[in-house]
Amino acid sequence: MNYCVVGLQWGDEGKGKVVDILAEHSDIVVRYSGGSNAGHTVVVGNSKFALHLLPSGSVRPNIFCCITNAVVVDPEVLIDEIKTIALKGITLKGRLLISENAHVVLDYHKREDQLREESLGKNKIGTTIRGIGPCYADKAGRSHAVRMGDLRNLQQLKDKLQAIVNYKNKVFTAIYNATPISADDIFEKCKSYADIFLPFITDTTEYLHRSIDEGKSILFEGAQGTLLDLDHGTFPYVTSSNSSSLGMPAGCGVPAKYVDKFIGVAKAYTTRVGAGPFPTEQDNDIGQYIRERGHEYGTTTGRPRRCGWFDAVAASYSVRIGAIDEIALMHLDTLAGLKEVKICKLYKINGKKETFFPANIGKLSQAQAVYETVTGWEEDITEVKDFRKLPSNAQNYIRLIEKVTGKPVTIIGVGPKRSQTIFRQ
Ligand code: GDP
Ligand code: IMO
Ligand code: MG
């Protein structure tokens, strides 16, 4: 079976944990989009890994890990990650493959991201400052793009970098009044990246198609979430890639028809980092309660996450966009202790009822959430292993989510550990 795991909200739904669990029965795990803006947490025993570029299956030995074409790779972050997991005795030798067509995030991308955000003041997007937008912009622009395969020809890369950095420096100095950067420094870094990464760089599309022919089981790991998708999310408060499952085929060269099941990951509530409309946001004691109980602080940036109720209008949109078959609902444990729990079933926009999520932010910022309120539960559920052992109000809450999204909730998270997971058929 080939699975694709994708976020149904604005990211941080718990994809890392779900991918880690499903990877137990996979041969290959594939990161197909985004970059080090992602922060996927995997908890193995007493060890906690925050993965930004390595697929979440990488912490299991023997699984092959692919970083494919549409991922933007920051080599510094990847080196750090490989070192961190090596310290825990996990080696990627012979089982990491990086697409020669994946684009490289370099220092000038991160600087451009930061300078642009600073210049926007209160209108900033609230990016992770990982250089994601500028790198994807260079990819689309083509002439200033550097791909992992370019590390194979350093002389050619040196000339290319000189031209790119000349251009970038004009922008940095003239527009942002910032200091220029050195092309030589960036080239020296690229030489060291070539030393490390050349053995891993390959044609991942060919590898994946060969693996499909051999009957291998592939797990595709989405980054970010559907509502952060560049074309289908809440633009401009999105990331710069197709982070819904629609980005999977283009991101790795494997058509969606090879995926047996699309699994959408959502939290039992909603969170968002960065700016942009969020109709069910609870900027109050409820939001604070969820933030503290759920440790809702960014894996990549440490920023406090904005918290709110489960938004079924948004989640149902993501289910449709993503051809989602089943839902993994995480952090059910976090809601324990609330007297009442709410689900947004529709929006009122200028007095009109809307059940289809408007990705247009002009409209979305006018949306007032209309809730169904259910009774909460007091019990600690972090050790529950069987759906029938959950408090009846928690069971009812899950059933309500199934009803409003039209999809079965087959995986339920009751804590960050692998063992804190309930499976339902
Ligand atoms: P991702 O980006 O979708 O992989 O999610 P993150 O790793 O950024 O954020 C999810 C956070 O929730 C991490 O700290 C996980 O360890 C934690 N987590 C995942 N599932 C659960 C769950 O069911 N309950 C609790 N309490 N924590 C969870
Ligand atoms: P994972 O994979 C949550 C958000 C940023 C910002 C917007 C644009 O861990 O779920 P970018 O740096 O991509 O240009 O920022 O997107 N964002 C995420 N939010 N989880 C993520 O990844 C995110 N990746 C980007 O906060 O609002
Ligand atoms: Mg995350």
Side-chain angles (χ1 to χ4, degrees), residues 5-21 31 33-44 47-53 55-56 71-72 74 105 109-110 112-114 116-117 124-137 221-230 233-241 243 264-278 290 292-306 328-336 380-382 384 411-422:
V5 172
V6 64
L8 297 182
Q9 296 161 326
W10 280 285
D12 302 326
E13 298 91 346
K15 299 175 293 294
K17 174 177 164 169
V18 174
V19 169
D20 170 54
I21 289 171
R31 252 301 292 276
S33 73
S36 64
N37 47 351
H40 296 179
T41 313
V42 176
V43 179
V44 186
S47 301
K48 186 168 166 176
F49 301 90
L51 301 170
H52 302 288
L53 283 163
S56 297
V71 177
V72 287
D74 181 337
V105 177
H109 292 125
K110 291 179 261 192
E112 198 175 329
D113 200 356
Q114 182 181 2
R116 190 179 306 173
E117 280 286 272
K124 69 180 179 185
I125 290 168
T127 74
T128 57
I129 321 279
R130 296 298 187 110
I132 305 301
C135 185
Y136 278 116
E221 173 175 0
Q224 289 80 50
T226 305
L227 305 177
L228 288 171
D229 186 289
L230 179 60
T234 50
F235 191 89
Y237 300 102
V238 291
T239 190
S240 303
S241 61
S243 53
V265 188
K267 278 174 180 154
Y269 46 91
T270 311
T271 63
R272 172 162 211 179
V273 257
F278 179 179
I290 293 173
E292 292 314 316
R293 273 186 64 86
H295 307 290
E296 293 295 357
Y297 294 88
T299 311
T300 300
T301 58
R303 289 178 290 177
R305 293 175 181 148
R306 299 159 66 192
L329 195 77
M330 314 310 283
H331 276 268
L332 187 66
D333 53 301
T334 299
L335 295 180
D380 174 8
I381 58 170
T382 52
V384 176
I411 298 174
I412 300 166
V414 292
K417 294 185 195 154
R418 284 174 176 167
S419 60
Q420 293 175 304
T421 312
I422 298 172

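Computed from a predicted structure; not experimentally measured. Whatever order the structure lists ligands and atoms in, that order sets their numbers, starting from 1.
Checking Ser243 against Asp229 by side-chain atom types alone, no donor-acceptor pair falls below 3.5 Å. Side chains of Glu13 and His331: no donor on one and acceptor on the other come within 3.5 Å. Residues Tyr269 and Gln9 have side chains that never bring a donor and an acceptor to within less than 3.5 angstrom of each other. Lys17 and Thr421 form a side-chain donor-acceptor contact under 3.5 Å, judged by distance and modelled atom types alone. Side-chain contact annotation: Thr234 with Trp10, donor-acceptor N/O pair under 3.5 Å present. Counting only N and O atoms by type, the side chains of Thr239 and Gln224 include no donor and acceptor under 3.5 Å apart.
Residue Leu332 has no N or O atom closer than 3.5 Å to an N or O atom of ligand 1. Backbone and side-chain nitrogen or oxygen atoms of Asp113 are examined, and none is located within less than 3.5 angstrom of a nitrogen or oxygen of ligand 2. Looking at Glu13 next to ligand 1, an N or O pair under 3.5 Å apart turns up. Ligand 1 has no N or O atom lying under 3.5 Å from any N or O atom of Lys267, backbone or side chain. Ligand 2 has an N or O atom lying under 3.5 Å from an N or O atom of Thr128, backbone or side chain. Considering backbone and side-chain atoms alike, Gly413 places an N or O below 3.5 Å from some N or O of ligand 1. In terms of polar-atom proximity, Glu13 is not counted as a contact of ligand 2, lacking any N or O under 3.5 Å from an N or O of the ligand.
Under the 4.0 angstrom criterion for non-hydrogen atoms, Arg305 is not in contact with ligand 2. By the 4.0 Å heavy-atom criterion, Gly415 is counted among the residues contacting ligand 1. Heavy atoms of Arg305 come nearer than 4.0 angstrom to ligand 1 in at least one pair.
When each atom of ligand 2 is checked for a heavy atom of Thr239 under 4.0 Å away, the hits are 11 (P), 13 (O). Interface of His40 with ligand 2, defined as ligand atoms under 4.0 Å from a residue heavy atom, comprises 1 (P), 2 (O), 9 (O). Of all the atoms in ligand 2, the ones that sit under 4.0 Å from a non-hydrogen atom of Trp10 are 3 (C), 19 (N). For ligand 2, the atoms sitting less than 4.0 Å from at least one non-hydrogen atom of Lys15 are 1 (P), 2 (O), 10 (O), numbered in the order shown with element in parentheses. Heavy-atom proximity to Gly39, at under 4.0 Å, picks out these atoms of ligand 2: 1 (P), 9 (O). Ligand 2 places these atoms under 4.0 Å from at least one heavy atom of Val238: 7 (C), 8 (C). Listed by number with element, the atoms of ligand 2 under 4.0 angstrom from any heavy atom of Gly126 are 5 (C), 6 (C), 26 (O), 27 (O). Residue-ligand proximity, Ala223 to ligand 2, at heavy-atom distances under 4.0 Å covers atoms 2 (O).
Between Val43 and Arg418 there is no side-chain heavy-atom pair separated by less than 4.5 Å. A heavy-atom distance below 4.5 Å is found between the side chains of Val72 and Ile132. Side chains of Val273 and Arg306 form no contact here, defined as non-hydrogen atoms less than 4.5 Å apart. Contact check for Val414 versus Ile412: side-chain heavy atoms found under the 4.5 Å cut-off. When side chains are defined from C-beta on, Glu221 does not count as touching Ser33, because their heavy atoms never get closer than 4.5 Å. Two residues are said to be in side-chain contact when any heavy atoms from C-beta on lie closer than 4.5 Å; Val265 and Val6 fail this criterion.
Counting only heavy atoms of the protein, atom 14 (O) of ligand 1 lies nearest to Thr41 OG1, 3.8 Å.
Rounded to the nearest 0.5 Å, atoms OG1 (Thr41) and NE2 (His295) are 11.5 Å apart.
Only side-chain heavy atoms of Asp333 come within less than 4.0 Å of ligand 1; its backbone N, CA, C and O stay farther off. Contacts with ligand 1 closer than 4.0 Å are made by no heavy atom of Glu221, backbone or side chain. Proximity of Arg303 to ligand 2, defined as any heavy-atom pair under 4.0 Å, is confined to the side chain (atoms from C-beta onward). Residue Lys17 touches ligand 1 through its side chain alone, judged by heavy-atom distances below 4.0 Å. Of all the heavy atoms of Val414, the ones lying under 4.0 Å from any atom of ligand 1 belong exclusively to the backbone. Using a 4.0 Å cut-off between heavy atoms, Leu228 contacts ligand 2 through its side chain alone, with no backbone atom that close.
Of the candidates Gly16, Gly39, Gly14, the one placing a heavy atom closest to atom 6 (P) of ligand 1 is Gly39. Between atom 17 (C) of ligand 1 and the options Glu296, His331, Lys417, His295, the minimum heavy-atom separation is to His331.
Asp74 has no carboxylate O lying under 4.0 Å from a charged side-chain N of Arg130, or vice versa, which leaves the two without a salt bridge. A salt bridge is absent between Asp12 and Lys267: the closest approach of a Lys/Arg side-chain nitrogen to an acidic carboxylate oxygen does not fall below 4.0 angstrom.
The nearest N, O or S atom of Gly39 is closer to the Mg ion (ligand 3) than 2.8 Å.
By the neighbour-count criterion of 12 heavy atoms within 6.0 Å, atom CZ of Arg116 is sparsely surrounded, having that number or fewer from other residues, nucleotides or ligands.
Within Asp12, the N, O or S atom at minimum distance from the Mg ion (ligand 3) carries the name OD1.
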